[in-house]
Amino acid sequence: PVPPSPLRTPGPLPEAVAAAAGALQAGGLVAVPTDTVYGVACLAQDSAAVRSIYSLKGRNGAKPLAICLGDVERLYRYCRVNVPDELLRDLLPGPVTLVLERSEELNKDLNPFTSLVGVRIPDHPFMRDLARACPGPLALTSANISSQGSTLTVLEFQDLWPQLSLVIDGGPIGDIQSPECRLGSTVVDLSVSGKFSIIRPGCALMPTVEILKKKYGLVPEPS
């Protein structure tokens with residue numbers, strides 16, 4: 001098969017969103033720009049596509065995938081939330097993954113070994129529009145082979161292109177010289193009421209902890 005040549009955005013955003021949504025709904029994997037690093041997305045409710053993401057990345061099957069949504073309101077359908085809505089909106093959209101109890105609505109084949117799920121709402125107009133254009137949540141992971149560095153341009157993961165239905169080129173993300181920009185989102189577990197634990201420090205650790213501790217009085221737990 002001919003590898004896809006990247007579809008450039010910022011071309012017309014609605015066209016890129018429509019092309020990506022079509023590829024996802026046909027069961028494909030799509031490389032996407034986010035507010036942190038490049039990602040690979042598929043429909044979270046499509047079990048075959050979820051299996052394809054693991055095989056693309058050579059990813060350990062026990063490592064969970066996050067879900068990506070377009071809006072905070074949709075989070076309540078797929079997660080059990082025990083923090084104030086205002087807290088969610090202080091952190092999302094943004095470079096943070098919130099780990100919460102999953103609901104029955106979520107595909108049982110997605111992370112079947114855990115009752116939790118990480119949720120991303122990237123602060124990126126393309127990603128939010130794409131998530132809104134799809135019927136259910138997206139499964140999202142970084143666009144790289146497992147254990148290799150995360151990617152800030154589409155050329156950095158060119159070896160994955162042949163296995164993707166579509167590559168959306170949003171240009172370089174952040175400062176490609178800066179190691180901090182490759183850290184990915186800050187992952188924080190909010191599944192235990194009144195507490196939080198940092199699973200991955202990521203790129204937004206300080207402001208995230210500040211909000212959770214100072215504004216909401218949550219108690220940090222060792223992760």
Side-chain angles (χ1 to χ4, degrees), residues 32 34-37 39-45 50 53 59-124 127-128 130-132 134 136-142 146 150 174 180-223:
V32 290
T34 76
D35 53 352
T36 54
V37 296
V40 175
C42 74
L43 295 186
Q45 306 296 71
V50 168
I53 275 200
R59 187 178 175 89
N60 171 346
K63 283 185 77 174
L65 296 173
I67 61 168
C68 169
L69 301 168
D71 298 283
V72 169
E73 298 78 68
R74 296 192 70 193
L75 190 145
Y76 290 88
R77 183 166 176 187
Y78 301 103
C79 302
R80 297 199 174 93
V81 180
N82 57 13
V83 294
D85 188 72
E86 191 189 353
L87 183 156
L88 299 180
R89 291 169 194 280
D90 278 344
L91 296 177
L92 301 174
V96 182
T97 301
L98 300 184
V99 176
L100 300 160
E101 286 280 341
R102 61 192 283 155
S103 81
E104 292 298 310
E105 290 275 332
L106 203 55
N107 179 3
K108 306 274 185 296
D109 292 335
L110 182 85
N111 313 334
F113 42 81
T114 172
S115 62
L116 306 178
V117 67
V119 184
R120 279 279 272 130
I121 302 179
D123 190 7
H124 192 288
M127 279 310 295
R128 295 190 69 193
L130 177 59
R132 290 172 182 139
C134 291
L138 305 180
L140 186 65
T141 182
S142 53
S146 272
S150 52
E180 281 75 44
C181 281
R182 295 183 189 271
L183 293 174
S185 62
T186 294
V187 182
V188 57
D189 185 336
L190 294 177
S191 63
V192 179
S193 208
K195 300 182 173 173
F196 73 93
S197 62
I198 301 297
I199 296 172
R200 179 175 74 190
C203 63
L205 178 63
M206 300 300 281
T208 301
V209 168
E210 176 105 348
I211 286 170
L212 295 174
K213 279 168 71 171
K214 288 208 171 143
K215 185 166 180 185
Y216 294 98
L218 297 191
V219 178
E221 290 272 284
S223 48

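Owing to the predicted nature of the structure, the values given are computational and were not obtained by experimental measurement. One is the number of the first residue; the rest follow in order along the sequence.
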With a 4.5 Å limit on heavy-atom distance, are the side chains of [X] and [Y] in contact?
X	Y	answer
Tyr78	Leu69	yes
Leu106	Pro137	yes
Ser146	Asn60	no
Val209	Pro220	no
Pro122	Thr36	no
Phe113	Pro64	yes

Return the minimal non-hydrogen interatomic distance between [X] and [Y], and the atom names on each side.
X	Y	value
Gly202	Thr186	C-OG1, 3.6 Å
Val37	Ser142	CG2-CB, 4.3 Å
Val96	Ala204	CG2-CB, 4.4 Å
Ala139	Leu110	CB-CD1, 4.1 Å
Thr34	Gly39	CG2-N, 4.4 Å

When you measure from the side chain of [X] to the backbone of [Y], do you find a donor-acceptor pair of N or O atoms at a distance under 3.5 Å?
X	Y	answer
Arg102	Asn111	yes
Arg89	Pro84	no
Arg132	Met127	no
Gln45	Glu105	yes
Arg74	Ala131	yes
Ser150	Arg182	yes
Arg128	Gly70	yes

If you round to the nearest 0.5 Å, how far is [atom2] of [Y] from [atom1] of [X]?
X	Y	atom1	atom2	value
Leu100	Asn82	CG	CG	7.0 Å
Leu140	Ile67	CG	CD1	10.5 Å
Glu86	Leu91	CD	CG	11.0 Å
Leu65	Cys42	CG	SG	7.0 Å
Leu205	Glu180	CG	CD	12.5 Å
Leu88	Asp71	CG	CG	12.5 Å

Which is it for Leu212 and Asp90 under the side chain to side chain contact (heavy atoms under 4.5 Å, CB included) test, yes or no, and what are the steps along the way? CA-CA 9 Å; Leu212 295 174; Asp90 278 344; over 6 Å; no
So which of Asp35, Leu92, Leu98 actually passes side chain to side chain contact (heavy atoms under 4.5 Å, CB included) with Ile121?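 Going through Asp35, Leu92, Leu98 one by one, the side chain to side chain contact (heavy atoms under 4.5 Å, CB included) with Ile121 is satisfied by Leu92 alone.
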For Asp123, enumerate each residue passing the side chain to side chain donor-acceptor pair (under 3.5 Å) test, keeping only those at least two apart in sequence or located in another chain. none
How far apart are the C-alpha atoms of Glu104 and Lys108, what are their side-chain angles, what is the distance that settles it, and do they pass the salt bridge (charged side-chain N to carboxylate O under 4.0 Å, His left out) test? CA-CA 8 Å; Glu104 292 298 310; Lys108 306 274 185 296; 3.5 Å; yes
Regarding Thr97 and Arg200, do their side chains bring together a donor and an acceptor under 3.5 Å, going by distance alone? no
Mind listing the side-chain donor-acceptor pairs of residues 188-197 below 3.5 Å, one per line with the distance, residues two or more places apart or on another chain?
unit_1 : atom_1 : unit_2 : atom_2 : d
Asp189 : OD1    : Ser191 : N      : 2.7
Asp189 : OD1    : Ser191 : OG     : 2.6

